[in-house]
Each structure stands twice: as structure tokens, then as C-alpha cells.
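Chain letters run A, B, ... following the sequence lines, proteins first, then strands; residues in each count from 1. Computation of the quantities below employed the complete heavy-atom set of this structure, encompassing side-chain atoms and omitting hydrogens, waters and symmetry-equivalent molecules. Everything numeric here is computed off the predicted structure, so don't read it as measured data.
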2 protein chains.
Amino acid sequence: MKKTIFLYGLALAVLILIMRVIEYRFLVRDLTLEFYIGIVAVFFTALGIWVGLRFTRKKVVVIHPEFQFNEKEQSQRGISKRELEVLELMAQGLANQEIADKLFVSLNTVKTHSSNLFSKLGVSRRTQAIQKAKELNLIP
Amino acid sequence: MKKTIFLYGLALAVLILIMRVIEYRFLVRDLTLEFYIGIVAVFFTALGIWVGLRFTRKKVVVIHPEFQFNEKEQSQRGISKRELEVLELMAQGLANQEIADKLFVSLNTVKTHSSNLFSKLGVSRRTQAIQKAKELNLIP
DNA sequence: CGCCAATTCACCCGAAAGAATGAGTGGGAT
DNA sequence: ATCCCACTCATTCTTTCGGGTGAATTGGCG
């Protein structure tokens, strides 16, 4: 990212330098101002197009839109990190006891988390929670 | 498409017009040439970015490979139609009782179906069954 | 017709899940 | 220092699941 910004800055600097040179030449040769301006306009239009392409090309390449977590829903519903962990394991088909073992907590804790999770998701069963969570992009 | 080209042409015409006006004003007020050129450069850079974005902002079509039922798995595992119905409703987060109501059968029947389903899928919990069924393309 | 598979249902029992409640602890913010 | 919140855990109780078993029925097929 920093490299990208640096490259853009460098490109701009080079362009400004070129502009100066062009300016000097044209002033010396005493060409019309309109022509000079036209050159500059074309130049910077090209630069703009280039920049525009750079910024958007990547989006086209991404064919398979991968899962992207919906932070808004998480914060709006007040779902904590731990609850999310439980949710993910739940979606993997693990039983509460297995989740407890995996998270190194007690079964009761997992039950508490899942219970809170259900109320936050507005559901009453784990299968529904999984469905809902996928709809809300909380899990892949 | 023609509308787009027309719009671009129009935009360019307007920009040239604005350029002329700016040019006039700056010449009259006798400001520095560098400043004037800077304005033009920024202007056309913006134009270029805009054009670049317009031309490349292809809608990222979500290639969501549509579900296509895996008949082979169904027959190989000997899963009946009724069992599949139960599976689908199960994947929708319905409880056995709700499935029973929806299919107009008794709770015990649903239990039998789901039980047979689990053994055919090689799982022991409904959440796992849903996972597995999705992997096997038995449900979307 | 007799066989088979699918479907339906029942009963029992243990395990798991879920609801409700209370409570202790530790880290962060005020 | 105090308060809040996430996290933790426990207990009790009810509901739901899931396994196991047995059995009646129905429709298709040889």
C-alpha cells in the first residue's frame, strides 16, 4: 500500500517535471497558449485514466467474491468475540461439549454463550442460528 | 452505449468551455501561468479518473455457482424422497415437530426419517447432517 | 399373489440442548 | 477507585434429539 502511494507520488512528480520542461520549450518557441493547454489537458486526462484503471482493475479480477465479515451486524447486535467463536464452531456441526473442549471452557459456559447468541440473533435453535448467521454474513 | 458516448462528448465540451472561461479570467487578471496550468491539470486528472472508472466499473457479477442436485450421492446412499424433504426442512432450521407439522406426519415419523438420514450420511447430529448434505450437493 | 422398499407410527430411554437465574472475576473506561 | 461488560461457571428444569426396536400400511414389481 505504501509502495503504491509512493509510486503515485513519484509519477506525479515526474509529470510535473515534464510539464515544466514542456512549458519552457513552448514559451521559448512562443506557441499559442491554447495548444499548450491542450497538451497539458490530454496529458493529465491520460494520467487520470491510468490512475482510475489502477484503482479498479483489481475489483474486476476478483471473480469469486469471498466471504467478507459483516462487522455492522455484529456490533449492532452486540455479539462478542467469544460468542462468534462459539457460533463458528456450532456451524461446523460441533456439539456444545466439543465446542467447550475446543475453547477450553466448561459446557455451561458454551451453553451461556449460545443462549445469548440465540437471543441476539432472534432464534431459538442452533440450526436457525447457523442459517441466520450465514444470511447476516457473520460466518462463511 | 450511444448515450454514454454522447454524455462523454457533452462532458468534454462543457469542460472545454469552462476551461476557456477560466483561461479568460486568468489572463485578464494576469495570474501566474503555473497556477493556471495547475488548475487545468487537476481538472483533467479528475476527468481522466472519472472516465477510467466509468470504463472499468464492470459490475462484479456474483458467480454463485447455482445448486445442482447430486443424484448420484442420493442413490448411492439410498436416500429416499421423503428423507430428502426432511433434510431440507432440517437445513432450514426447523425443529422435528415443525417438520412433522409441515409434512403432515407425526413427530415419531420425522424422527425415524432423520435417524435413517443420519446413518446414511454418516453423521450423528442434525447440524452435521446439514453440513454434510451441503458438501454432497444434496441441498443448496 | 408374494416380496420388497418406502413410509408411517409408537414406545422407551439416555444424551443433548435450551431457558432461567445467580454469581464470581478481570480488564477497561470514567 | 468504581463501574461496566465480557467472560466464566454452576444449578435446576423442561424440551428436544437421537438411538434402538418393533410393527402396520402401501405401492410397485417379478
Exercise. From the list D:dC17, D:dC7, C:dT8, which nucleotide is the closest neighbour of the side chain of B:Thr109?
Worked result: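 Taking heavy atoms from C-beta onward, the closest nucleotide is C:dT8.
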
For this session: Among the candidates D:dA10, D:dG19, C:dG18, find the nucleotide nearest to the side-chain atoms of A:Ser106.
Result: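 So the nucleotide nearest the side chain must be D:dA10.
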
Distance in angstrom units between [X] [atom1] and [N] [atom2], rounded:
X	N	atom1	atom2	result
A:Gln97	D:dA10	CD	P	11 Å
B:Lys81	C:dA5	NZ	P	15 Å
A:Leu87	C:dG18	CG	P	12 Å
B:Lys111	C:dA15	NZ	C1'	12 Å
A:His113	D:dC5	NE2	P	17 Å
B:Leu107	D:dT16	CG	P	9 Å
B:Ile99	C:dT7	CD1	P	15 Å
B:Leu117	D:dG18	CG	C1'	13 Å

Exercise. Which residue, B:Ser80 or A:Leu94, contacts DNA chain C at a nucleotide closer to its 5' end, judged by nearest heavy atom?
Worked result: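 Its nucleotide being nearer the 5' end, the pick is B:Ser80.
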
Exercise. Axis-to-axis angle across the helix from C:dC1-D:dG30 to C:dT30-D:dA1, five pairs an end, to 10 degrees?
Worked result: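 The angle separating the two end axes equals 40°.
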
Problem set entry | A:Leu121 side chain near A:Ile79 side chain, heavy-atom distance below 4.5 Å | yes

Seminar exercise, completed: Nearest heavy-atom approach of A:Leu87 to A:Ala133 is CD2-CB, 3.6 Å

Problem set entry | Cluster check A:Val105, A:Leu107: I/L/V/M/F/W/Y, side chain < 4.5 angstrom |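 As far as the 4.5 Å side-chain criterion goes, A:Leu107 and A:Val105 are not connected within one cluster.
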
Exercise. A:Leu84, A:Phe67: one ILVMFWY side-chain cluster at the under-4.5 Å cut-off?
Worked result: yes

Would one find a side-chain N or O of [X] under 4.0 angstrom from OP1 or OP2 of [N]?
X	N	value
A:Ser115	C:dA19	yes
A:Asn96	C:dA17	yes
A:Asn108	D:dA10	yes
A:Arg125	C:dG18	no

Exercise. Atom OG of A:Ser80 and atom CG of A:Asn116: how far apart are they, to the nearest 0.5 Å?
Worked result: 8.0 Å

Exercise. Rounded to the nearest 0.5 Å, how far apart are CD of B:Glu88 and NZ of B:Lys102?
Worked result: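 Between B:Glu88 CD and B:Lys102 NZ, I get 11.5 Å after rounding to 0.5 Å.
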
Problem set entry | Polar side-chain contact B:Thr112-C:dC9 base: donor and acceptor under 3.5 Å | yes

Exercise. With the threshold set at 4.0 Å, does a side-chain nitrogen-carboxylate oxygen contact exist between A:Arg82 and A:Glu85?
Worked result: yes

